[in-house]
Chemist: 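There's a structure below that I have some questions on.
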Amino acid sequence: MRSLGRGLKMSVDIVIVMDVTGSMYWCIREVAEEVCGFAEDLAGQGLDWRIALYAFRDLKVGQEPEPFPFTSDVGEFQGWVQAQKARGGGGNGGESSMDALFDCLTRYRFRAEATRAFVVFTDDRPHDPDRCGQTLTELVRALRSSKVVSY
């Protein structure tokens, strides 16, 4: 069990940022399996944890994301992940992953004491700039200032 001493558990807030555009058809089931297994493993670590799912498509062709809130219920989280289907996408050389990350930074309320992480699954580079009009450099700056580690 990982603890901070005197019975305090380490807190972690994790957002799984998952590309569910049509180009992910070849691996969406495998990604979902791994993400569901990760949630099970996380629950067994003795941490004070929360996990959220942010499923995104291509904003440049009007496909809005599907965000899910933080939960500590493995079954609830796994249900959200398993319901995801690869569809849509613009065939326009990139994905809306930067917009997804910027949205996650404002949408999710992290606990002050928690380690914060975004874990991104995608199969293409981001649009740079994306619909938000910000660049990769600005995203890195925003992640750092929010103390969010991304993978």
Side-chain angles (χ1 to χ4, degrees), residues 1-21 23-59 63-86 94-151:
M1 177 194 255
R2 301 177 90 177
S3 71
L4 300 174
R6 295 194 174 143
L8 298 176
K9 293 181 180 180
M10 181 179 185
S11 299
V12 294
D13 288 345
I14 300 169
V15 180
I16 301 297
V17 184
M18 195 166 149
D19 177 351
V20 291
T21 60
S23 62
M24 291 287 287
Y25 75 92
W26 63 276
C27 66
I28 195 83
R29 289 299 102 215
E30 291 83 2
V31 169
E33 257 181 56
E34 292 299 320
V35 167
C36 287
F38 172 75
E40 285 178 14
D41 291 345
L42 183 62
Q45 296 299 311
L47 301 168
D48 175 17
W49 64 276
R50 300 185 316 165
I51 194 167
L53 174 66
Y54 188 95
F56 71 92
R57 292 197 165 75
D58 194 337
L59 290 172
Q63 299 165 337
E64 296 299 317
E66 188 174 5
F68 297 86
F70 280 117
T71 185
S72 293
D73 182 322
V74 173
E76 179 179 43
F77 177 76
Q78 289 175 331
W80 299 335
V81 172
Q82 291 166 345
Q84 297 307 309
K85 306 282 187 251
E95 304 295 2
S96 291
S97 51
M98 280 202 319
D99 265 335
L101 293 172
F102 275 115
D103 191 26
C104 287
L105 283 170
T106 58
R107 176 178 301 276
Y108 293 105
R109 298 291 172 242
F110 295 99
R111 296 172 293 171
E113 75 282 2
T115 298
R116 306 161 182 190
F118 292 158
V119 181
V120 183
F121 294 90
T122 186
D123 66 339
D124 204 352
R125 69 188 185 284
H127 298 300
D128 188 9
D130 207 337
R131 187 172 80 172
C132 66
Q134 297 187 22
T135 65
L136 190 55
T137 300
E138 291 166 312
L139 175 60
V140 169
R141 192 173 301 124
L143 289 167
R144 284 183 180 157
S145 70
S146 297
K147 298 181 181 154
V148 175
V149 177
S150 60
Y151 302 93

Chemist: Between Val17 and Thr122, is there a side-chain heavy-atom distance shorter than 4.5 Å?
Modeler: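 SC-SC contact between Thr122 and Val17 ruled out.
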Chemist: Quick one: side chain to side chain contact (heavy atoms under 4.5 Å, CB included) partners of Ala43, sequence neighbours excluded?
Modeler: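 Ala43 satisfies side chain to side chain contact (heavy atoms under 4.5 Å, CB included) with Trp49, Val74 once adjacent residues are dropped.
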Chemist: Spell out, as yes or no, whether a donor-acceptor pair under 3.5 Å connects the side chain of Arg29 to the backbone of Trp26.
Modeler: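 Side chain of Arg29 to backbone of Trp26: no pair is present.
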Chemist: List the steps and the verdict of side-chain contact (heavy atoms from CB on, under 4.5 Å) for Leu53 and Phe77.
Modeler: CA-CA 7 Å; Leu53 174 66; Phe77 177 76; 3.9 Å; yes
Chemist: Is the closest side-chain heavy-atom distance between Asp48 and Met10 below 4.5 Å?
Modeler: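 Counting from C-beta outward, Asp48 and Met10 never come under 4.5 Å.
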Chemist: Quick check: do Phe118 and Leu101 have side-chain heavy atoms less than 4.5 Å from each other?
Modeler: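 They are in contact (side-chain heavy atoms under 4.5 Å apart), so the answer is yes.
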Chemist: So do Leu139 and Leu136 actually touch side chain to side chain, heavy atoms under 4.5 Å?
Modeler: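 Counting from C-beta outward, Leu136 and Leu139 do come under 4.5 Å.
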Chemist: If you look at every heavy atom in Pro126 and Met98, which pair is closest and at what distance?
Modeler: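 Heavy-atom minimum between the residues: CB-CG, 3.6 Å.
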Chemist: For the pair Leu47 and Lys9, evaluate side-chain contact (heavy atoms from CB on, under 4.5 Å) and give the outcome as yes or no after the intermediate values.
Modeler: CA-CA 5 Å; Leu47 301 168; Lys9 293 181 180 180; 5.8 Å; no
Chemist: Which value, rounded to the nearest 0.5 Å, describes the distance between Arg57 atom CZ and Glu64 atom CD?
Modeler: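 Result: 11.5 Å between the selected atoms.
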Chemist: Mind checking whether Phe102 and Glu138 have side chains closer than 4.5 Å, heavy atoms only?
Modeler: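 A side-chain contact under 4.5 Å exists here.
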Chemist: With side chains defined as the heavy atoms from C-beta onward, is the minimum distance between Trp80 and Cys36 less than 4.5 Å?
Modeler: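 Not touching, per the 4.5 Å side-chain cut-off.
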Chemist: Please check if the side chain of Arg50 supplies one atom and the backbone of Ile14 the other of a donor-acceptor pair under 3.5 Å.
Modeler: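 No, because the side chain of Arg50 does not come within donor-acceptor range (under 3.5 Å) of the backbone of Ile14.
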Chemist: I'd like to know whether Tyr151 forms a side-chain contact (heavy atoms from CB on, under 4.5 Å) with Val119, so could you lay out the CA-CA distance, the side-chain angles of the two residues, the decisive distance to 0.1 Å, and finally the verdict.
Modeler: CA-CA 5 Å; Tyr151 302 93; Val119 181; 4.2 Å; yes
Chemist: How many angstroms lie between CZ in Phe38 and CD in Glu34, if you round to the nearest 0.5 Å?
Modeler: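 Answer for the CZ-CD pair, Phe38 versus Glu34, is 11.0 Å.
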Chemist: Nearest 0.5 Å, what's the CD-OG distance between Glu95 and Ser23?
Modeler: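 Rounded to the nearest 0.5 Å, the CD-OG separation comes to 4.5 Å.
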Chemist: Would you give the length of the straight line joining atom OG1 of Thr71 to atom CD of Gln78, rounded to the nearest 0.5 angstrom?
Modeler: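 It is 11.0 Å, given to the nearest 0.5 Å.
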Chemist: Do the non-hydrogen side-chain atoms of Tyr54 and Phe68 ever get within less than 4.5 Å of each other?
Modeler: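 The answer is no; the side chains never approach within 4.5 Å.
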Chemist: Looking only at heavy atoms, what is the nearest atom pair of Gln82 and Lys85, with distance?
Modeler: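 Looking at all heavy atoms of both residues, the shortest contact is O-NZ, 4.0 Å.
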Chemist: Got Ile51 and Phe70 here, is their nearest side-chain heavy-atom distance under 4.5 Å?
Modeler: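 SC-SC contact between Ile51 and Phe70 ruled out.
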Chemist: Once you round to the nearest 0.5 Å, how far does CD of Glu30 lie from CE of Met24?
Modeler: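 The CD atom of Glu30 sits 9.5 Å away from the CE atom of Met24.
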Chemist: Using modelled atom types only, decide if a donor and an acceptor are shared between the side chain of Asp13 and the backbone of Arg111 within a distance under 3.5 Å.
Modeler: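 Yes; at least one donor-acceptor contact below 3.5 Å.
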Chemist: Distance from Glu33 atom CD to Ile28 atom CD1, nearest 0.5 Å?
Modeler: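 Nearest 0.5 Å value for the CD-CD1 distance: 12.0 Å.
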Chemist: Check step by step if side-chain contact (heavy atoms from CB on, under 4.5 Å) holds for Asp19 and Phe56.
Modeler: CA-CA 5 Å; Asp19 177 351; Phe56 71 92; 3.5 Å; yes
Chemist: Does Ser146 reach the main-chain N or O of Leu143 with its side chain, forming a donor-acceptor pair under 3.5 Å?
Modeler: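 No.
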